**Q** 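I'd like to ask you about the structure that follows.
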Amino acid sequence: MLDGIFTGLSTALMPFNLLMVVVGCFAGTFIGMLPGLGPISAVALMIPITYGLDPSSGIILMAGVYYGAVFGGSTSSILINAPGCASTVVTSFDGYPLAQQQQAGKALALAAYSSFTGGTIGALALLFAAPALATVSLSFQSTDYFALMVLGLTAVAAFAGKGQVLKALIMAVFGLMIATVGTDLSSGAPRYTFGSVDLIDGVSFLLLAMATFALTEVVMTVLKGTP
Amino acid sequence: MTITKDHIGGLVFLCLSVAYGYYARDIPLLPGDEFEPFTARSVPNALAWIGGVLSLALIVTAKSDTANTLRLAGLDFGLVSKLLILVVLFGLALDWLGFLLATVLFLIAGYWLLGTPAKNVAGRFGSVCGRYLVCTDPAAGYLSG
């Protein structure tokens, strides 16, 4: 195990690969900042650039782009309440109210520190826990996935504020209703597509996040007439 | 009785659940599905019932305090309606005119509607074109490769 770790570290610490990390994080942050563009779009845009690189440098570049894009998404979440991916939706809960109180700098700095700390601890934990996690993941069956989803949905009620449990459950049901739009995975039957080809693939998460957060913010700002 | 935001929210979600359950009948079934315990309609039907029960519970349990009442005074619904119509037109124009032209026209109309100074419009044109080029050129290379 240690041999593998040292080999990986020697590859990762090569000057060119370190440059790839910096370039990837910068490009990812820049792309992630644009509302509507998340880490998947950022990595997809970087694929042509990795053609000329050796495999390890290419993967390092794309990992940097991914992490940068996830962090960059927090910028649009904090400043304009427009998250670009699932992980930055939570940032907008506290970040945007802080920005409205003229504390945007503090929120952005906190997001940067948290992103760096979480990413570093996560990578280190994965380094040592990967073999054990691989064993657990192989033992995961359909029932375990179902139990995990039920846990996630019930957590909605558990984390809801006092007197807000009903509303939280209603929102969970509303989310599930939207998730049923599109082709049914088990039977292939179209559900709630109303004959539209655009709805066959369902409603994308990004579209939903933009409609829920960004569009609502725009409508409320225009309604109240406050810039 | 005071009508609060919770009452209105519950009522809206009740209507949504009823409509959702109604349209669940349009989901096509496979031959023999009538004998199956679980079909493509099962989850939508269950969600419609759960949604209906939860929204009724919200309507019944909502407190009628005055602090939670809906106040519409001072809200500019006219401008919001125009903006939403513009968004719908933008969605339709995307197919007819393409991203670049539709977005530029949407921005012109949006800025005019919201009364933004003309000097900011030019900067946004550059932003749209730049974003379009960033999103199409490398991706096009990737797709053709």
Side-chain angles (χ1 to χ4, degrees), chain A residues 27 30-31 33-37 41-51 153 157 163-195 198 207 210-211 215-216 218-227, chain B residues 6 9-10 13 16-17 20 23-24 26-30 33 36 38-44 46-55 57-63 72 74-77 79-80 82-84 87 95 110 113-114 116 127 130-131 134-135 137-145:
Chain A
F30 182 73
I31 296 169
M33 274 183 203
L34 296 170
L37 291 182
S41 328
V43 170
L45 288 172
M46 284 294 134
I47 287 174
I49 296 169
T50 60
Y51 281 168
L153 291 172
Q164 306 286 325
V165 175
L166 261 179
K167 289 182 207 168
L169 286 173
I170 284 176
M171 283 302 105
V173 170
F174 183 53
L176 287 171
M177 283 177 174
I178 292 172
T180 56
V181 174
T183 308
D184 177 33
L185 290 179
S186 56
S187 69
R191 298 195 290 202
Y192 300 103
T193 56
F194 302 104
D198 295 325
L207 187 69
M210 294 296 280
L215 189 63
T216 313
V218 169
V219 168
M220 287 311 292
T221 306
V222 175
L223 260 180
K224 291 175 182 168
T226 49
Chain B
D6 287 354
F13 196 71
L16 180 77
S17 299
Y20 183 83
Y23 282 106
D26 290 350
I27 297 171
L29 293 177
L30 296 174
D33 261 359
E36 292 289 332
F38 195 86
T39 65
R41 290 183 191 173
S42 304
V43 172
L47 287 174
W49 279 104
I50 295 170
V53 170
L54 286 175
S55 49
L58 183 64
I59 293 168
V60 171
T61 59
K63 290 174 185 163
L72 300 177
L75 299 179
D76 196 347
F77 283 101
L79 188 56
V80 168
K82 287 175 193 166
L83 197 66
L84 290 178
V87 171
D95 279 343
L113 209 60
L114 298 173
T116 306
S127 164
R131 189 168 165 157
V134 165
C135 291
D137 269 7
Y142 159 62
L143 291 172
S144 61

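Convention: sequence-line order gives letters A, B, ...; per-chain numbering from 1. None of these values were measured; they are calculated from a predicted model.
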**Q** Between B/Val80 and chain A, with a heavy-atom cut-off of 4.5 Å, which part of the residue counts as in contact: side chain, backbone, both or neither?
**A** both
**Q** With a 4.0 Å cut-off, would you call A/Arg191 and B/Asp26 a salt bridge?
**A**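 Salt bridge between A/Arg191 and B/Asp26, a charged N being under 4.0 Å from a carboxylate O: no.
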**Q** Given a strict heavy-atom distance threshold of 4.5 Å, which part of B/Phe77 is in contact with chain A: side chain, backbone, both, or neither?
**A**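 For B/Phe77, the contact with chain A is made by backbone and side chain together.
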**Q** Got a second to check how far A/Leu166's CG is from B/Thr61's OG1, nearest 0.5 Å?
**A** 5.0 Å
**Q** Side chain to side chain contact (heavy atoms under 4.5 Å, CB included) between A/Val219 and B/Leu84: does it pass, once the steps are laid out?
**A** CA-CA 9 Å; A/Val219 168; B/Leu84 290 178; 4.2 Å; yes
**Q** Working to the nearest 0.5 Å, report the span between OG of A/Ser187 and CG of B/Asp33.
**A** 6.5 Å
**Q** For the pair A/Tyr192 and B/Tyr20, name the ring-plane relationship: parallel under 30°, tilted 30 to 60°, perpendicular over 60°.
**A** parallel
**Q** Closest approach of B/Ile27 and A/Ala189, non-hydrogen atoms and distance?
**A** CG2-CB, 4.5 Å
**Q** Do A/Val222 and B/Asp76 touch side chain to side chain, with heavy atoms closer than 4.5 Å?
**A** no
**Q** Rounded to the nearest 0.5 Å, how far apart are CG of B/Asp6 and CD of A/Gln164?
**A**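 Reported value, rounded in 0.5 Å steps: 7.5 Å.
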**Q** Is chain A contacted by the side chain of B/Leu30, its backbone, both, or neither, given a heavy-atom distance below 4.5 Å?
**A** side chain
**Q** Just how far is it from atom CZ of A/Phe174 to atom OG of B/Ser17, taken to the nearest 0.5 Å?
**A** 9.5 Å
**Q** Count the heavy-atom pairs under 4.5 Å between each of B/Ala48, B/Gly10, B/Pro44, B/Gly9 and chain A, then report the option with the highest count.
**A** B/Pro44
**Q** Quick check on B/Leu47 against chain A: is it the side chain, the backbone, both or neither that has a heavy atom closer than 4.5 Å?
**A**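 Both parts, backbone and side chain.
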**Q** For residues 175-185 of chain A, give me every residue with a non-hydrogen atom less than 4.5 Å from any non-hydrogen atom of chain B.
**A**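 At a heavy-atom separation under 4.5 Å, chain B is reached by A/Leu176, A/Met177, A/Thr180, A/Asp184.
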